[in-house]
Amino acid sequence: MTTKSGDGLSRRLTGRHIRFIALGSAIGTGLFYGSSDTIAKAGPSVLLAYLIGGAAIFFVLRALGEMAVNDPAPGSFGEYARKHLGPLAGFLTGWTYAFEMVIVCVADVTALAVYMGFWFPDVPRWIWVVLTILVIAAANLVSVRVYGELEFWFTLVKVVAIVAMILGGAAILIFGLGGASGSAATLWSHGGWFPNGLSGFIASFALVMFAFGGTEILGLTAAESEDPRTAMPKAVNTVPVRVLLFYVATLAIIMMLNPWNTISTSGSPFVQIFAGLGLHSAATVLNIVVVTAALSAINSDIFGAGRMIYGLARRGQAPAIMARVTRNGIPWMTVLVVAAALSLAVVLNYLLPDSAFLLIASVGTFATVWVWFMILLTHYRSRRGKSAADLAFPVPFWPVGQVLTMVFMVFVFVVMAFAEDTRLALLVGVVWLAVLCALYWFHRRSAKPAANAFADVGP
């Protein structure tokens with residue numbers, strides 16, 4: 001039997017679902033495909049970049065976890081921004097997150113199309129994009145339980161594969177499995193830890209932060225969790241550690257087996273490594289894994305964008321039709337709208353098959369970091385007049401950790417402004433925010449609140 005909350009959504013996600021949803025959203029395209037670009041920019045120093053980025057994400061998730069445990073509201077951090085920073089902040093945060101999820105999903109389906117080229121090099125990429133969107137959108141329309149179970153099994157495949165890759169890579173390094181060789185010295189014997197200098201290390205942060213995008217979906221699952229007060233703290237505390245382990249350990253082994261400057265950016269470094277070692281069956285298995293990883297991320301992207309737009313609609317900041325749900329508590333219209341928006345992926349993969357991913361990832365980085373900054377700022381304002389004793393799940397190192405993390409997010413924006421291949425993405429992001437502001441003020445001034453699709457409702 002479906003249990004519904006007072007907001008119309010069904011509470012059918014267990015703690016197991018929530019942990020794997022958050023883990024699955026972070027372990028996807030950014031690791032299996034985008035990591036080759038970060039390695040090209042920073043060399044071995046990319047490991048330090050992932051450690052720093054992971055620490056920042058921990059503070060973001062703890063801030064979000066504190067608010068979600070206290071108030072598991074539909075729309076999550078979009079609703080929190082409205083409450084603590086004002087209706088415009090809620091409007092900007094909510095719609096930018098939906099924009100982020102669509103953009104990230106475009107990147108994920110783009111990467112999946114590249115992976116399918118491993119087996120079907122003559123099939124146009126856009127065909128795989130269309131098929132993927134149709135299948136995953138259909139799954140999201142069934143029930144949130146089906147979504148949760150799909151995400152659990154998708155993520156389990158990824159986790160098992162990464163652990164096997166770490167163990168297999170270690171066996172190659174120690175025992176020379178398959179006649180291959182490698183060592184820890186390979187990390188620094190090809191130009192040192194910073195082969196492209198400090199500038200290369202700093203430039204890598206744009207894609208490093210993109211890789212962690214999606215972890216904030218934890219906040220959106222709270223409204224559909226059976227027991228958010230128990231599930232959220234467990235997920236928030238374990239996911240960042242696991243993500244860091246997977247990213248740092250796997251990339252370290254990859255760069256120990258092959259010099260960083262021999263890793264191509266045209267595909268997944270995981271598949272390249274094993275194919276290069278002559279283990280072609282292993283490369284085939286790993287390609288199955290990275291396809292599963294992309295499907296997992298797409299599954300979460302559609303869920304996240306849909307639930308955020310649903311929350312916007314419930315507070316009058318999106319068309320009312322977006323708040324309609326099925327008997328199973330699924331906001332069906334938002335799922336359809338997000339799936340339709342993903343037609344952008346079809347167009348980009350048709351027009352720009354070779355450069356689509358980097359462009360999309362850069363735009364996604366802006367949206368991701370903006371949302372994280374707003375989560376931190378919202379949390380900072382929400383703590384006024386409160387002490388740790390008043391909260392069920394308070395953030396650590398308050399307020400120093402939060403302030404330093406906000407400064408780091410500003411630093412990432414500066415990096416994007418100075419890096420040639422991300423400057424355009426930053427401009428797109430600024431234009432996006434300007435358009436949202438114009439839309440907000442136009443509708444606020446030109447229509448009566450009762451009839452205004454973007455009017456602010458509720459307390």
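Just so you know, residue 1 is the first one in the sequence shown, and it goes up from there.
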Q. Can Ile127 and Met116 be said to form a side chain to side chain contact (heavy atoms under 4.5 Å, CB included), step by step?
A. CA-CA 10 Å; Ile127 292 178; Met116 294 304 293; over 6 Å; no
**Q.** Distance in Å, Leu377 CG paired with Leu85 CG, rounded so as to fall on 0.5 Å steps
**A.** 5.0 Å
Q.
Is it true that, when you exclude Phe418 itself, more than 12 heavy atoms of the residues, nucleotides or ligands shown sit nearer than 6.0 Å to its CZ?
A. no
Q: With side chain to side chain contact (heavy atoms under 4.5 Å, CB included) as the test, would you mind laying out the steps for Phe99 and Val102 before giving the verdict?
A: CA-CA 5 Å; Phe99 174 69; Val102 170; 5.7 Å; no
Q. Hey, mind stepping through Thr96 and Met374 against side chain to side chain contact (heavy atoms under 4.5 Å, CB included) and telling me if it holds?
A. CA-CA 10 Å; Thr96 301; Met374 294 301 290; over 6 Å; no
Q. Got a donor-acceptor contact below 3.5 angstrom from the Thr250 side chain to the Tyr247 backbone?
A. yes
Q | Distance-minimising heavy-atom pair for Ala63 and Gln402 | A | CB-NE2, 3.4 Å
Q. Do you know the tightest heavy-atom contact between Pro396 and Arg62?
A. CD-CZ, 3.7 Å
Q. Heavy atoms, side chains only, cut-off 4.5 Å: are Trp370 and Leu433 in contact?
A. yes
Q: Find the distance between CE (Met67) and OH (Tyr80) and round it off to the nearest 0.5 Å.
A: 7.0 Å
Q: First locate atom OG1 of Thr405, then atom CZ of Phe411, and finally report the distance between them rounded to the nearest 0.5 Å.
A: 13.5 Å
Q: Anything under 30° is parallel, anything over 60° is perpendicular, the rest tilted; go ahead and classify Phe366 against Phe413.
A: tilted
Q) Is any side-chain heavy atom of Phe373 less than 4.5 Å from a side-chain heavy atom of Leu376? A) no
Q) Of all heavy-atom pairs between Ala252 and Leu47, which one has the smallest distance, and what is that distance? A) N-CD2, 3.8 Å
Q: Determine whether the aromatic ring centres of Trp398 and Phe59 lie less than 6.0 Å apart.
A: no
Q) Hey, is OH on Tyr380 packed in by over 12 heavy atoms from elsewhere, all under 6.0 Å? A) no
Q: Apply side chain to side chain contact (heavy atoms under 4.5 Å, CB included) to Val435 and Trp432, showing your working.
A: CA-CA 5 Å; Val435 169; Trp432 165 260; 5.7 Å; no
**Q.** Nearest heavy-atom neighbours spanning Ala98 and Ile309
**A.** CB-CG1, 3.8 Å
Q: Please determine if Arg82 forms a cation-pi arrangement with Phe91, meaning its NZ or CZ atom is less than 6.0 Å from the six-membered ring centre and no more than 45° off the ring axis.
A: no
Q | Atom of Val129, atom of Ala113 and distance for their closest heavy-atom approach | A | CG2-CB, 4.1 Å
Q | Backbone of Met416 reached by a side-chain donor or acceptor of Arg423 within 3.5 Å | A | no
(Q) Restricting to non-hydrogen atoms, name the atom on Cys437 and the atom on Leu92 that form the minimum distance, rounded to 0.1 Å. (A) SG-CD2, 3.9 Å
Q) In Å and rounded to the nearest 0.5 Å, what is the CG to CD distance from Leu64 to Glu66? A) 10.5 Å
Q) Atom CD1 of Ile57 and atom CZ of Phe408: how far apart are they, to the nearest 0.5 Å? A) 8.0 Å
Output a table of donor-acceptor pairs, distance under 3.5 Å, between side-chain atoms of residues 198-213 and any protein atom two or more places apart or on a different chain; print 'none' if there are none.
unit_1, atom_1, unit_2, atom_2, d
Ser199, OG, Asn196, O, 3.4
Ser204, OG, Phe201, O, 2.6

Q.
Please report the interatomic distance OH(Tyr97) to CZ(Phe77), rounded to the nearest 0.5 Å.
A. 5.0 Å
